[in-house]
Amino acid sequence: MNENWLAGSPQHITIRIHGHLPDRYVADFEGMLVSRSGSGETVISGEVRDQAQLFGLLIRIRDLGIPLLAISCCNPQNFTEEINNDENN
């Protein structure tokens, strides 16, 4: 369990899924940034207040039948740099 969640602090989460998420499903991830990379992946990122919210996001991805590629916890600055690098490739 993440120590910051134990302390009550939200965590910045990045979820990578295979393919580009159709526009009609973006609203399912309200409050999260959804971006499509040039490599054919979708990146869903934002603050998650606890593991229950994270599991809710993962369950929705599963229910849509979208292959999950990666989940990571990072600080927002690292995420912004990562997205910029993806867009330049």
Side-chain angles (χ1 to χ4, degrees):
M1 184 173 289
N2 188 306
E3 290 178 18
N4 288 328
W5 274 333
L6 290 174
S9 299
Q11 294 298 296
H12 192 86
I13 300 294
T14 301
I15 302 171
R16 290 184 176 275
I17 57 175
H18 179 72
H20 288 164
L21 183 69
D23 289 336
R24 67 182 176 267
Y25 298 126
V26 171
D28 293 347
F29 300 95
E30 183 180 351
M32 304 295 282
L33 172 65
V34 177
S35 59
R36 297 171 181 103
S37 73
S39 62
E41 298 175 353
T42 298
V43 179
I44 302 167
S45 69
E47 284 196 352
V48 177
R49 69 185 165 276
D50 55 26
Q51 288 185 348
Q53 184 183 5
L54 174 60
F55 290 143
L57 295 170
L58 297 175
I59 288 168
R60 184 61 183 141
I61 291 168
R62 181 205 61 200
D63 290 350
L64 292 172
I66 301 170
L68 178 65
L69 300 176
I71 305 169
S72 60
C73 183
C74 63
N75 77 41
Q77 182 178 356
N78 290 347
F79 170 74
T80 303
E81 292 169 2
E82 188 177 318
I83 290 297
N84 290 336
N85 288 338
D86 278 351
E87 290 175 353
N88 293 327
N89 289 333

Student: Between CD1 of Ile66 and CD1 of Ile17, what distance do you get to the nearest 0.5 Å?
Tutor: 4.0 Å
Student: Per the side chain to side chain contact (heavy atoms under 4.5 Å, CB included) rule, which among Ile71, Val43, Leu33, Ile44 passes with Thr14?
Tutor: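 Among the candidates, only Val43 passes.
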Student: In Å and rounded to the nearest 0.5 Å, what is the CG to CD distance from Leu58 to Gln53?
Tutor: 10.5 Å
Student: Does the side-chain contact (heavy atoms from CB on, under 4.5 Å) test come out yes or no for Leu64 and Leu21, once each step is laid out?
Tutor: CA-CA 10 Å; Leu64 292 172; Leu21 183 69; 4.3 Å; yes
Student: For the pair His20 (side chain) and Ser37 (backbone), establish whether a donor and an acceptor sit closer than 3.5 Å, ignoring hydrogens and angles.
Tutor: yes
Student: If you define the side chain from C-beta out and look only at heavy atoms, does anything of Ile15 sit under 4.5 Å from Phe29?
Tutor: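 A side-chain contact under 4.5 Å is absent here.
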Student: Under the rule for side chain to side chain contact (heavy atoms under 4.5 Å, CB included), what residues qualify as partners of Leu69, not counting sequence neighbours?
Tutor: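 With neighbours one apart ignored, the set is Arg16, His18, Glu41.
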Student: Just grab all the salt bridge (charged side-chain N to carboxylate O under 4.0 Å, His left out) pairs involving residues 19-29, residues at least two apart or on different chains.
Tutor: Asp23-Arg36, Asp28-Arg60
Student: Taking the side chain as C-beta and beyond, is there a heavy-atom pair between Val48 and Met32 under 4.5 Å?
Tutor: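 Touching, per the 4.5 Å side-chain cut-off.
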